[in-house]
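To keep things clear, I will list the structure first and then write my remarks on it.
Everything numeric in this text was worked out from a predicted model, so none of it was measured. Within every chain, numbering begins at 1; the chains are lettered A, B, ... in the order of the sequence lines, protein sequences first and strands thereafter.
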Protein chains: 2
Amino acid sequence: MNVISFLQQTIHLGPEIEADLARIIVREQFPKNHILVRPGQYYRRLMFVEEGLIREHYLSMAGKDTTYRFHTEGSFVTADESFIDNQPSQYTFETLEDSVICSISHTDFEHILRQHPEFEQLHILVMHQLIREMKERITALQFQTATERYESLLKSQPSIFQRVSLGHIASFLGISQETLSRIRSKR
Amino acid sequence: MNVISFLQQTIHLGPEIEADLARIIVREQFPKNHILVRPGQYYRRLMFVEEGLIREHYLSMAGKDTTYRFHTEGSFVTADESFIDNQPSQYTFETLEDSVICSISHTDFEHILRQHPEFEQLHILVMHQLIREMKERITALQFQTATERYESLLKSQPSIFQRVSLGHIASFLGISQETLSRIRSKR
DNA sequence: TTTGCTTTTTGACTTTTGTCAAAGACTCTG
DNA sequence: CAGAGTCTTTGACAAAAGTCAAAAAGCAAA
């Protein structure tokens, strides 16, 4: 799904806006396992996954690699610490598949918002969506068992299991790889 | 801290805006243990805690009561499902202390945003703050041990322990009351 | 197809956390 | 201040999840 078409699902884009966008959006192709953003890096771009899959993960001081979340086609992605707070990212962003990523700079983003206020609507929509997802995630981590979280993921994003290694999924669920393997074997 | 003063820390309010706000803001006093919003209720108001403490919690189908979060003086609070999505709230909001709560309706909020675009700035700021906190919360729940989460809370909000019962804090941390008690006894 | 590499599973054991029940401490009210 | 009620701690045990190590399975390239 193309960014522009994606935007058009939500708001009307006049021809001049479309031209504006086409000028500032950068479309790039990345191979599998490419690191897009590494910890400590300032990355002030808003990304949109057109094809492929990004894994966002965290490296603890103990050196453990924990998946914070997966971003699939059709999602907006930012290194929040950088994009929102102008701080170095704490997380790593890497492609897990060959991916096509469109992105615009923070400056252009602000510019667009100022010039075309109808985008503010969309901006807020995206943040609302994010808040909704995060709230669900928190309650799941807070009071569901590992098995329940596994079942939910299986229901909400079954395709992830075809695309991502179980180790990464386990850390996303907040459990060890072995525990996930055992949960899976019991059915 | 008064809402208006609080707002003035971030944005400039001309005298007419202030008058506008004073007209639509409802200031109410509630006793301890008062239920502000219950599950199933549509509650489309943006609240601001001027004094006191709100506990937001969830009732699982098993009847277990789990604290989603605490809202102390100086925070904006909404029943997200209602305010954002116009759906019934899934969570309960109750005061844990005598509290003073200012609130405005969703309609007035939208109205203010339209009439005084400088509020959009603040609106986004508040959402960014929320996203930041939620992200930290998710990573904590995902890969910290109960003890680490306890230590963090003790550091970030020590006063909570004077104000809230340990049972509520335990469920907020995602552990049983007994586990929390044992963590505390080991120091 | 064989080899080497990565991912996944399994087993044995340890640690962490949960559950249930009871005792103790604390608080508020009459 | 006594007594009821609530909150917190403790003990004994059970369940869930983590760790370490090794085997098995899957995959890709020579």
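When the C1' atom of D:dT19 is taken as reference, atom CG of A:L180 falls 16 Å away, rounded to whole Å. Computed from coordinates, the A:I169 CD1 to C:dT8 C1' distance equals 12 Å when rounded to whole Å. Summarising the geometry, the separation between CZ on A:R184 and P on C:dT8 is reported as 8 Å, rounded to the nearest angstrom. Regarding A:Q162, its CD atom lies at a distance of 15 Å from the P atom of D:dG26, rounded to whole Å. Distance CZ (B:F161) to P (D:dT8): 11 Å, rounded to an integer number of Å. Regarding B:I175, its CD1 atom lies at a distance of 17 Å from the C1' atom of D:dA15, rounded to whole Å. As rounded to whole Å, 11 Å separates atom P of C:dA12 from atom CZ of A:R182. Following rounding to the nearest Å, A:F143 (CZ) and C:dT19 (C1') show an atom-to-atom distance of 19 Å.
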**Q.** Stepwise salt bridge (Lys or Arg N to Asp or Glu O under 4.0 Å) test for B:E28 and B:R45
**A.** CA-CA 13 Å; B:E28 286 170 293; B:R45 298 186 72 82; 5.7 Å; no

Q: Evaluate the side chain to side chain donor-acceptor pair (under 3.5 Å) criterion for residues A:T67 and A:S171: first the C-alpha distance (whole Å), next the side-chain angles of each, then the deciding distance (0.1 Å), finally the verdict.
A: CA-CA 5 Å; A:T67 301; A:S171 74; 3.1 Å; yes

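The closest donor-acceptor contact from the side chain of A:R55 to the backbone of A:E94 lies at 3.5 Å or more, if one exists at all.
The overall bend of the helix from C:dT1-D:dA30 to C:dG30-D:dC1, read as the angle between its terminal helix axes built from five base pairs each, is 40° when rounded to 10 degrees.
A:F172 and A:F70 have tilted rings, their planes meeting at an angle from 30° to 60° on a 0 to 90° scale. The aromatic rings of A:F161 and A:Y150 sit perpendicular to each other, their planes meeting at more than 60°, with 30° as the lower class boundary.
A sub-4.0 Å separation between OP1 or OP2 of D:dT9 and a side-chain N or O of B:S181 is present. Note on A:S176: a side-chain N or O is less than 4.0 Å away from OP1 or OP2 of D:dG18.
Summary of the strand contacts: A:T147 and A:E178 both lie near DNA chain D, and taking for each the nucleotide with the nearest heavy atom, the more 5' one is attributed to A:T147.
Here the side chain of B:T145 is nearest to one of C:dT19, C:dT17, D:dG18, namely C:dT17. Among the nucleotides C:dT9, C:dT10, D:dG18, the one closest to the side chain of A:S185 is C:dT10. Nearest nucleotide to the B:L166 side chain, out of C:dT9, D:dT10, D:dT8: D:dT8.
Counting distance only, with no hydrogens placed and no angle test, the side-chain atoms of B:Q177 and the base atoms of D:dC7 include no donor-acceptor pair under 3.5 Å.
A:Y43 and A:F93 have their aromatic ring centers separated by at least 6.0 angstrom.
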Please report, to 0.1 Å, the donor-acceptor pairs under 3.5 Å made by any side chain of residues 30-41 of chain B, with sequence neighbours excluded.
| unit_1 | atom_1 | unit_2 | atom_2 | d |
| --- | --- | --- | --- | --- |
| B:Q41 | OE1 | B:R38 | N | 2.9 |

